[in-house]
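Atom set for the values below is all heavy atoms of this structure, side chains included, hydrogens, waters and symmetry mates excluded.
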Amino acid sequence: MQTAVPRILIVDDEPYICQLLARYLAADGYQCVTASNGEAALRLLESDRFELVITDIMMPGMSGMDLLNIVRTLYPDMAVIMVTGVNDKEAGVLAVELGAYGYIIKPFERNEILINAANALERRRLRLLTRGDEPACPEHPMRVSRSGKPVKIPASDAVACIRSGLDDASLMERFHLSARALHSLFDQLVATGQVRQSEIEGRGALSPGTVVVDVSELSFPAQDDEKPVISAADAVKSIRAGMDDATLMKRYKISAKGLRSLFRKLVAAGFISRSELDERMMESHQWAVVEGIEQP
């Protein structure tokens, strides 16, 4: 059975951002339409079909948050991703609490856009599937990004391992997943009712979720005594030695969220390049596909 190509509405008052996002997504097979403000986006939503909206938070007139609230009311099955500047990260977190499927911080990378879009569309598909609004695809149930390979995991096995108390690194080793793939797995299990969101959130106590990079020439937020301090030089050496995500997490006693925080800070500080991380992604599984999902 063939499914329609996902259509994405991109909303930003900066034409360059609209064009850049559309170019990244169209190259990966999506159909994209752009709008320069929230009002124009609503007119397009009234007249056309879209599965995903990607909108900037800070826009003149109707803000991205205003647009999110309207979309969640009028089009509750629509997936929404927010785009925010590094200084507005808290707004992105708030948007997720209000119903957005995720947020992306500028400046962003191509793979980051593709991964977030694919995850949002897959979560939307699973939500519809559990309600019987969308037939299951007889082939591979997840759209695979060029940045990684799909991994099929029995839902019962994943749930049993999560509830047994295995930490993130152990789960990644058991199922041969990257940090991103692990979070994809969590999202799918929650979306299909196999585990509760509170169970996933409760896992934060198993290991720290963020890290502070120890570099004197950089200014980061005030250090939290509960967060591990990691030598930037040691982290770069470990990454370039070929350590996989699970090994890095065990070495520094951090969670998958903490590992992503470490990667972002090392790139921002110029210790490693984004291309190095992209190469790591190509060498590891970036997707987890749950098999044997039981209807809640």
Side-chain angles (χ1 to χ4, degrees), residues 84-90 92-93 96 102-116 119 145 147-148 166-187 200-288:
T84 180
V86 66
N87 295 327
D88 301 315
K89 181 178 178 180
E90 292 77 9
V93 174
V96 172
Y103 65 92
I104 301 166
I105 299 176
K106 299 176 184 177
F108 44 74
E109 297 288 335
R110 178 179 181 274
N111 281 341
E112 183 181 9
I113 298 300
L114 298 181
I115 289 170
N116 276 274
N119 276 340
S145 167
S147 62
L166 287 182
D167 61 17
D168 288 358
S170 299
L171 286 172
M172 289 163 60
E173 283 189 339
R174 178 178 180 86
F175 296 117
H176 307 291
L177 301 175
S178 70
R180 280 196 175 96
L182 180 65
H183 280 269
S184 171
L185 173 65
F186 289 161
D187 286 344
I200 301 301
E201 293 173 351
R203 293 176 54 81
L206 296 175
S207 56
T210 57
V211 300
V212 175
V213 179
D214 183 20
V215 284
S216 58
E217 66 271 25
L218 298 174
S219 58
F220 287 113
Q223 182 176 320
D224 187 331
D225 290 338
E226 296 182 357
K227 297 177 183 178
V229 176
I230 299 171
S231 163
D234 185 73
V236 171
K237 181 179 178 181
S238 298
I239 291 169
R240 289 177 175 164
M243 287 189 184
D244 60 20
D245 288 357
T247 304
L248 288 171
M249 289 162 59
K250 285 192 170 182
R251 178 180 178 84
Y252 299 119
K253 297 181 176 61
I254 56 178
S255 66
K257 179 181 177 182
L259 184 64
R260 296 200 310 276
S261 173
L262 174 62
F263 286 162
R264 284 198 303 270
K265 290 176 179 178
L266 289 174
V267 170
F271 285 96
I272 58 175
S273 66
R274 185 69 200 191
S275 61
E276 288 182 85
L277 293 185
D278 290 343
E279 289 176 5
R280 283 176 57 84
M281 292 165 56
M282 293 294 291
E283 295 171 359
S284 63
H285 294 304
Q286 295 301 319
W287 302 99

Working to the nearest 0.5 angstrom, can you tell me the gap between [X] [atom1] and [Y] [atom2]?
| X | Y | atom1 | atom2 | result |
| --- | --- | --- | --- | --- |
| Met243 | Met249 | CE | CE | 14.0 Å |
| Leu262 | Phe271 | CG | CZ | 11.0 Å |
| Asp168 | Ile254 | CG | CD1 | 10.0 Å |
| Ile239 | Leu259 | CD1 | CG | 7.5 Å |
| Asn119 | Leu114 | CG | CG | 11.0 Å |

What are the two closest heavy atoms between [X] and [Y], and how far apart are they?
| X | Y | result |
| --- | --- | --- |
| Val96 | Gly102 | CG2-CA, 3.9 Å |
| Ser238 | Tyr252 | OG-OH, 3.1 Å |
| Ile105 | Glu112 | N-OE2, 4.3 Å |

| For Val93, all residues meeting side-chain contact (heavy atoms from CB on, under 4.5 Å), sequence neighbours excluded | Glu97, Tyr103

| field | Arg251: partners by salt bridge (charged side-chain N to carboxylate O under 4.0 Å, His left out), with sequence neighbours left out | value | Asp234

